[in-house]
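These notes are about the structure you will find just below.
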Amino acid sequence: MPAPKTPRAWQRMLSGRRLDLLDPSPLDVELSDIAHGLARVARWNGQTRGDHAFSVAQHSLIVENVFCRMNAAASPDDMLLALLHDAPEYVIGDMISPFKSVVGGGYKLVEKRLEAAVHLRFGLPPHANRDLKDRIKKADTVAAYFEATELAGFSMAEAKKFFGLPRGITKDMIDIEPAPALEAQSRFMERFDAIEARRKTGP
């Protein structure tokens, strides 16, 4: 009896790379693939207003913007970790929080391995330390509040219950209008390049 075939665990990227989902290598991570993927992954399972999906690439830009506003002394490395906080989703998609809790640990394990590969590819620690992770999460929650109320149909009272009321950040400080995928992709890469330039020259 023939041995069962091992299921394919890699994905071919447009760059030509083959990324192993179970054992991802930093050598197979490319910025162009991340930007392309994130610009085409819809936040809120696509349940947002507008002519275009609100992408994870746009969400990432907002989180990094809010993070910088809330952390004036942030280093360029901190900024890049904020921008890349959802980078694994270029491979595994944006699974909404209620479903993550149903799926459990397997999803988190794959996500953690992909996060480490992405970070190492760009000369960052495999994972942010607890303090930095908490500060990025705070910025992420602020972004979620505005996305929920401006795009996803939440009332302010409902969003406040789930995400808390943002302090010191107002919606005029962020660009939350859903953009075409190519525009979101380009803006993500431009911001990455700007942060990289700061990493090379110092704060």
Side-chain angles (χ1 to χ4, degrees), residues 3-46 53 55-64 67 75-137 139-140 143-144 181-182 184-196 199-200:
K5 291 179 67 176
T6 302
R8 178 170 67 89
W10 54 264
Q11 180 177 348
R12 182 184 294 280
M13 301 296 171
L14 285 179
S15 65
R17 298 287 189 183
R18 286 188 179 188
L19 185 68
D20 187 329
L21 304 186
L22 301 181
D23 186 23
S25 167
L27 298 176
D28 291 324
V29 173
E30 296 290 347
L31 175 64
S32 60
D33 293 329
I34 294 173
H36 182 95
L38 294 185
R40 289 160 177 79
V41 173
R43 289 272 292 168
W44 306 92
N45 270 356
S55 70
V56 176
Q58 281 191 269
H59 165 76
S60 299
L61 288 163
I62 289 175
V63 170
E64 193 267 333
F67 174 79
S75 70
D77 278 9
D78 295 344
M79 296 174 188
L80 191 56
L81 284 164
L83 184 69
L84 296 172
H85 78 283
D86 277 340
E89 294 180 7
Y90 89 103
V91 179
I92 56 179
D94 180 28
M95 189 181 294
I96 59 173
S97 296
F99 196 56
K100 284 183 184 179
S101 64
V102 173
V103 173
Y107 175 90
K108 296 300 292 184
L109 181 61
V110 172
E111 183 180 48
K112 207 166 183 66
R113 288 174 177 169
L114 285 165
E115 178 181 81
V118 169
H119 288 180
L120 291 171
R121 168 65 177 83
F122 300 116
L124 297 165
H127 307 287
N129 63 49
R130 173 48 56 193
D131 173 67
L132 180 56
K133 191 177 283 285
D134 287 346
R135 286 186 285 136
I136 293 172
K137 182 61 180 176
D140 189 27
L182 286 176
Q185 179 178 339
S186 176
R187 285 166 49 196
F188 184 92
M189 294 186 71
E190 286 171 5
R191 184 56 186 160
F192 179 95
D193 288 343
I195 297 172
E196 276 292 274
R199 290 180 76 203
K200 291 173 182 174

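Keep in mind the model is a prediction, meaning the values are calculated, not measured. No hydrogens, no waters, no symmetry mates; every other heavy atom, side chains included, goes into these values.
- The distance from the CG atom of Asp140 to the CG atom of Asp86 is 6.0 Å, given to the nearest 0.5 Å.
- Using a 4.5 Å heavy-atom threshold, the side chains of Met79 and Leu83 count as separate.
- Listed here is the closest heavy atom pair of Ser60 and His85: CA-CE1, 4.0 Å.
- For Asp131, the salt bridge (Lys or Arg N to Asp or Glu O under 4.0 Å) criterion is met by Arg135, not counting sequence neighbours.
- Listed here is the closest heavy atom pair of Ala184 and Gln58: CB-CG, 4.0 Å.
- The closest side-chain heavy-atom distance from Leu21 to Val91 is below 4.5 Å.
- Looking at Gln185 and Arg40, their side chains come closer than 4.5 Å, going by heavy atoms from C-beta outward.
- Using a 4.0 Å cut-off between charged nitrogen and carboxylate oxygen, Arg187 and Glu190 do not count as a salt-bridge pair.
- Two residues are said to be in side-chain contact when any heavy atoms from C-beta on lie closer than 4.5 Å; Tyr90 and Val118 meet this criterion.
- Between Pro126 and Leu120 there is a side-chain heavy-atom pair separated by less than 4.5 Å.
- Side-chain contact between Phe188 and Leu31 is present, with heavy atoms from C-beta onward closer than 4.5 Å.
- Distance CZ/Arg17 to CD/Gln11: 14.5 Å, rounded to 0.5 Å.
- Remark: Arg121 CZ to Ile34 CD1 distance equals 8.0 Å, nearest 0.5 Å.
- Rounded to the nearest 0.5 angstrom, His119 NE2 and His127 NE2 are separated by 8.0 Å.
- Heavy-atom minimum distance, Glu30 versus Ser15: CG-OG, 3.8 Å.
- Side-chain contact check for Leu19 versus Leu114: some heavy-atom pair is nearer than 4.5 Å.
- Side chains of Glu64 and Arg191 form a contact here, defined as non-hydrogen atoms less than 4.5 Å apart.
- From Leu81, atom CG reaches atom CD1 of Ile136 across 5.5 Å, with rounding to the nearest 0.5 Å.
- Nearest heavy-atom pair across Lys133 and Ala128 is CE-O, 3.8 Å.
- Between atom CZ of residue Arg130 and atom NZ of residue Lys137 there is a gap of 10.5 Å, rounded to the nearest 0.5 Å.
- Closest approach of Ala53 to Ala42, counting heavy atoms only: CB-CB, 3.9 Å.
- When every heavy atom of Asp23 is checked against every heavy atom of Asp20, the shortest pair comes out as N-OD1, 3.1 Å.
- In this view, Arg199 and Asp77, Glu196 satisfy the salt bridge (Lys or Arg N to Asp or Glu O under 4.0 Å) rule, not counting sequence neighbours.
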